[in-house]
Amino acid sequence: AGVATLVCNPLDVVKARMMQTRQNGYRNSLHCFTTMIRTEGLGGLYKGLGPNFMRNCPQVVLMWVFYEQYAEAYKLGKRWYNGPPPAKPHAPS
């Protein structure tokens, strides 16, 4: 979640800037990106990073917890559906 958030946050900020006002003087996304770096520095591209982490990290953790629970339930259900394993033959005594 952390790497994806760090990579995608600048794109989200540029998209939000482009959507906020149409009369902002940006010609396209690349122009918005370069203008933000020139005027605000690299920190301008990472505005809202904290709330973004606070949203994405719990989401990913919960996704993996539910995935593990589902996988375990699937294995149990598959065992129940297929029936018990065949009995091992007894060795002659």
Side-chain angles (χ1 to χ4, degrees):
V3 175
T5 301
L6 286 174
V7 171
C8 293
N9 197 70
L11 301 174
D12 288 338
V13 171
V14 168
K15 180 189 75 152
R17 288 278 177 100
M18 295 290 292
M19 291 173 57
Q20 276 178 347
T21 56
R22 294 290 178 180
Q23 296 82 21
N24 54 13
Y26 299 130
R27 294 188 297 268
N28 52 36
S29 298
L30 183 61
H31 181 249
C32 178
F33 186 80
T34 55
T35 303
M36 284 181 63
I37 290 177
R38 196 174 324 114
T39 59
E40 301 175 40
L42 285 176
L45 294 174
Y46 288 97
K47 288 186 175 181
L49 185 63
N52 210 352
F53 267 122
M54 289 170 52
R55 180 191 68 196
N56 286 340
C57 290
Q59 175 186 356
V60 171
V61 168
L62 288 174
M63 181 200 64
W64 282 110
V65 167
F66 287 125
Y67 170 77
E68 291 294 328
Q69 295 297 317
Y70 175 77
E72 188 63 31
Y74 178 74
K75 287 179 198 173
L76 289 174
K78 191 173 179 183
R79 246 182 284 152
W80 176 79
Y81 182 74
N82 290 337
K88 295 181 182 178
H90 293 286
S93 29

Margin query: Return the OG1 to CG distance between T5 and D12, rounded to the nearest 0.5 Å.
Written below: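 If I round to the nearest 0.5 Å, the distance is 9.0 Å.
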
Next item on the list: Using a 4.5 Å cut-off on heavy atoms from C-beta on, say whether the side chain of L6 contacts that of F53.
Entry: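 F53 vs L6: side chains touch.
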
Next item on the list: Output all residues satisfying side chain to side chain contact (heavy atoms under 4.5 Å, CB included) with L42, sequence neighbours left out; order by chain, then residue number.
Entry: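 Per chain and number, L42 pairs via side chain to side chain contact (heavy atoms under 4.5 Å, CB included) with I37, L45.
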
Check: Applying side-chain hydrogen bond (donor to acceptor under 3.5 Å, both in side chains), which residue pairs with at least one partner in residues 36-55 are found, sequence neighbours left out?
Finding: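 side-chain hydrogen bond (donor to acceptor under 3.5 Å, both in side chains) check on residues 36-55 returns N9-N52, R17-E40, E40-K47, N52-R55, N52-N56.
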
Margin query: Once side-chain hydrogen bond (donor to acceptor under 3.5 Å, both in side chains) is applied, what residue pairs with a partner in residues 61-70 remain, sequence neighbours excluded?
Written below: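 Output for this query is empty, none listed.
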
Margin query: Using every non-hydrogen atom in the two residues, find where H31 and G25 come nearest and quote the distance to one decimal.
Written below: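 Shortest heavy-atom separation between H31 and G25 comes out as CE1-O, 3.4 Å.
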
